[in-house]
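Order of the sequence lines sets the chain letters (A, B, ...), proteins ahead of strands, with each chain counted from 1.
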Number of protein chains: 2
Amino acid sequence: MTAPARHGRRPTIAEIASRSGVSSGAVSYALNGRPGVSDETRARIIAIAEEIGWVPSNAARALRGGAASAIGLVIAREPSDLGVEPFFMAFIAGIEQVLSEHGFALMLQVTARKEQELATYRNWWSARRVDGIILTDLKVDDERLALLAGIGLPAVVVGDPAYANGATTVWSDDAHAAQAAVERLSRLGHTRIAHVAGPAQFAHTRVRSEAMRRECHERGMAMLGEINTDYSLAAGTQACEDLLSLPEPPTAIVFDNDVTALAGLRVARSAGLRVPDDLSILAWDDSPLCEISEPPLSALRRDVPSYGASAATVLLHLIQHGEAVSVRADSAQLVERGSLAQARP
Amino acid sequence: MTAPARHGRRPTIAEIASRSGVSSGAVSYALNGRPGVSDETRARIIAIAEEIGWVPSNAARALRGGAASAIGLVIAREPSDLGVEPFFMAFIAGIEQVLSEHGFALMLQVTARKEQELATYRNWWSARRVDGIILTDLKVDDERLALLAGIGLPAVVVGDPAYANGATTVWSDDAHAAQAAVERLSRLGHTRIAHVAGPAQFAHTRVRSEAMRRECHERGMAMLGEINTDYSLAAGTQACEDLLSLPEPPTAIVFDNDVTALAGLRVARSAGLRVPDDLSILAWDDSPLCEISEPPLSALRRDVPSYGASAATVLLHLIQHGEAVSVRADSAQLVERGSLAQARP
DNA sequence: CTGTTAGCGCATTCAC
DNA sequence: GTGAATGCGCTAACAG
């Protein structure tokens, strides 16, 4: 209950005021770049503030009704899944870059429990801990959207606008990338492909699956199967085994993440198939894992840090101006590495 | 009797006071479980608070000089390195579990720039954003320790006490694990081993290296080389190539992380060596990557989430009581998977 | 235009 | 149980 003993007293505006011989109001104007003080006085005040190392008390500002100068991010995944999920760290790094330029901090919560996630949003907002949040892993019929709208917490949704229910979004056009992937496979002569996808409830899973199916249909290719996984090694292995044991197995498989792609590679090899000669493999979201395998995996690469940076930029704009427009980030680019080859007749 | 809560405005203690007909002071006592109000009044106050959805304003509490109810964590790595670093996400997940039980939040910063890290600590503390921090990636002669002590920011250091300069630490006994690893290799008949280590400035790198060297010496084994890396694929590849091109190459290599171990596996294979028959490989810190390779890699596994939980627990104790004792977490256990074999004569 | 004064916001706590 | 002070920055209303 009792706060720890603080060392030196924190410098406050009052101290700057007494040192500079003006009122605390003038100091506040000077320090915030607002009119009401002469340039000369302002310079003197700023010099003193820097000298004694004044930093605005976030508590006081937030209490006054101002910004908490922080945004929140809940990562709603199992910790064990996150271990091999390169997306979030890169995404966070991008967010941070923007936040630090604006003096904002990031509050993070890692929990897979939906109730806790919702409670966290409520609590962060009520307790004035954050000014807004970034919502990731958008789901189909995502119930979090209603909560956020209901309590009025500013939010930027990372995901396809079609599933965001009107919220401001930052999204990468996965449908476009999916088309490009199918097109590439088509050019290589593949006519029977499959998709080892992520969890069905994720909006981006659905976007990818639908786009691939549509593109296959238009090109007269067969989409042999869309198997949903939890991105894990085990699920990827199972999915790939199922696909390869079909009477007419696919000649190319697109995996929604790197781990399942590696699992697929292993399954193919132990089934006596050569990659890419007998089976082409394409991984969604590039990572060092894709480089390390044999053969290295071709991948759909996004600039994840700049994706995070965009999300942060849009959210800050939303917080500061009450409105913001959705932004489409660059869609994924196909990086060829050697796991794609001409389909064998 | 009870008017509906005004829309758009957070319920405050003042509102509860007016509704229950007592002073705001009494409400505060009631809500915080302190003496000063009758049980009957307390019950009535709590009921009203719940009804109108009151949540304490963190800003007001922090302003009052109380806790910010948040702790900070700076991850001082390059974002690109973090992509394949399973440690931090698992560590954070463990931290969160403890924090959420105590109503604390986590402030995160990801930056590889030392200046920014130091500025962040200063700012978090000055602005009352956090009550304490967890310091990871302890370095030899770590200058962050002096800063933290200087500004009086409570901190728990994750790392070997020998390098923590008296700060409270939570640490896993890497020396012990290193000994166990060398002992295991010794039993398998290896007499020439090598260590592909992490960055030399990390305290845990030094602890591991020294322990391995010492243990090798005692067992009459040769430590052919300690090569420092930045944990990257490229560095691991280079290190392994260097080791395998020695006149008398090692028969076993210990890698400080999973990525360099996989790089080593690849190098060995392309050099025509069989793993584990010609070369044994051991990875520090287990991960799904170790399971996915062929052969799957034997690894030194720690319970990282509980490591993080310990750090959080100790830090909260330090914050709330002004003192805390260092805690040694369980040291890593050797998980055998098939990348270790008897040395060939 | 330059600057001052007097609250506000919210929970906590001490003297009464 | 109460009233009032406290912590800190911001800003409307006001004065020179």
Side-chain angles (χ1 to χ4, degrees), chain A residues 1-4 6 8-46 48-49 52-69 103 125-129 131, chain B residues 5-6 8-46 48-49 52-69 103 123 125-129 131:
Chain A
M1 280 301 165
T2 38
R6 298 193 188 281
R9 239 176 279 103
R10 270 168 38 80
T12 68
I13 273 194
E15 186 174 345
I16 301 174
S18 79
R19 287 207 192 204
S20 58
V22 296
S23 71
S24 67
V27 174
S28 176
Y29 290 136
L31 258 18
N32 291 304
R34 317 178 104 255
V37 282
S38 67
D39 290 353
E40 192 189 354
T41 309
R42 186 188 304 276
R44 201 173 75 246
I45 289 172
I46 291 175
I48 294 175
I52 67 178
W54 178 82
V55 174
S57 158
N58 233 276
R61 281 190 169 167
L63 179 61
R64 186 67 186 70
S69 292
W125 186 229
S126 307
R128 304 242 164 120
R129 281 179 171 288
D131 301 312
Chain B
R6 264 167 303 183
R9 187 177 280 177
R10 274 167 37 79
T12 69
I13 273 194
E15 188 175 345
I16 300 174
S18 79
R19 288 203 189 209
S20 58
V22 296
S23 71
S24 66
V27 174
S28 177
Y29 290 136
L31 259 18
N32 289 304
R34 307 174 69 93
V37 283
S38 68
D39 289 352
E40 191 190 355
T41 308
R42 186 189 303 275
R44 201 171 74 245
I45 289 172
I46 290 176
I48 293 175
I52 66 176
W54 176 83
V55 175
S57 158
N58 234 274
R61 281 190 169 165
L63 179 61
R64 188 65 186 70
S69 293
N123 187 276
W125 187 228
S126 305
R128 305 241 165 121
R129 280 178 172 289
D131 301 313

| message | Mind checking if R42(A) touches a base, just sugar-phosphate, or nothing, with heavy atoms under 4.0 Å? | response | nothing

| Does dT12(C) have OP1 or OP2 sitting under 4.0 Å from an N or O in the side chain of N32(B)? | yes

| query | Should R34(B) and S28(B) count as side-chain neighbours, where that means a heavy-atom distance under 4.5 Å? | reply | no

| Nucleotide dT4(C), atom C1' - distance to CD1 of I45(A) in whole Å | 13 Å

| task | Measure from the side-chain heavy atoms of T12(B) and tell me the nearest of dC10(C), dC10(D), dG9(D). | result | dC10(C)

| Rounded to the Å, how far apart are L31(B) CG and dA11(C) P? | 9 Å

| request: Just compare dT2(D), dC10(C), dA13(D) and give me whichever is closest to any side-chain atom of Y29(A). | output: dA13(D)

| said: Would you say R128(A) places a side-chain N or O within less than 4.0 Å of OP1 or OP2 belonging to dC10(C)? | reply: yes

| Over all atoms of both residues, closest heavy-atom pair of I45(B) and A26(B) | CD1-O, 4.1 Å

| Would you say P56(B) and R61(B) make side-chain contact, with heavy atoms under 4.5 Å? | yes

| task | Taking only the side-chain nitrogens and oxygens of W54(A), find out if one of them lies under 4.0 Å from OP1 or OP2 of dC8(D). | result | no

| Considering all heavy atoms of both residues, which atom of G53(B) and which atom of P11(B) are nearest to each other, and what is their separation? | O-CG, 3.5 Å

| With a 4.0 Å cut-off on heavy atoms, is S23(A) in touch with a base, just the backbone sugar-phosphate, or nothing at all? | base

| message | Given 3.5 Å as the limit, does a donor-acceptor pair link the side chain of S20(B) with the main chain of I16(B), or not? | response | yes

| request: May I have the distance from I13(A) (atom CD1) to dT5(C) (atom C1'), rounded to whole angstrom? | output: 15 Å

| query | Rounded to the Å, how far apart are I52(A) CD1 and dC8(D) C1'? | reply | 14 Å

| Contact class for S38(A) (heavy atom, under 4.0 Å): base, sugar-phosphate, or nothing? | sugar-phosphate

| request: Would you indicate what L63(A) reaches in the nucleic acid, counting non-hydrogen atoms under 4.0 angstrom: base, sugar-phosphate, or nothing? | output: base

| field | Heavy-atom side-chain proximity of N58(B) to R128(A) below 4.5 angstrom | value | no

| said: Both P56(A) and V37(B) contact DNA chain D. Taking the nearest nucleotide for each, which residue is further toward the 5' end? | reply: V37(B)

| note | Separation of dG3(C) atom C1' from R34(A) atom CZ, nearest Å, is 15 Å

| When the distance from CZ of R129(B) to P of dC8(D) is rounded to whole Å, what number comes out? | 16 Å

| message | Any base atoms under 4.0 Å from S57(A), or only sugar-phosphate, or nothing? Heavy atoms, all strands. | response | sugar-phosphate

| field | 5' priority, DNA chain D, between G36(B) and A26(A) [closest heavy atom] | value | G36(B)

Review item, nucleotides 4-6 of chain D N/O atoms under 3.5 Å of protein N/O:
from, atom 1, to, atom 2, distance (Å)
dT6(D), O2, R64(B), NE, 3.2

| field | For the student: nearest non-hydrogen atoms of D131(B) and S69(B), plus distance | value | OD2-N, 2.6 Å

| query | What's the CZ-C1' distance between R44(A) and dT2(C), to the nearest Å? | reply | 12 Å

| query | So, are E40(A) and R44(A) salt-bridged, with charged N and O less than 4.0 Å apart? | reply | no

| query | For the pair made of CD in E15(B) and P in dG9(C), what is the distance, rounded to whole Å? | reply | 13 Å

| V22(B) near the nucleic acid: base, sugar-phosphate alone, or nothing, with a heavy-atom cut-off under 4.0 Å? | sugar-phosphate

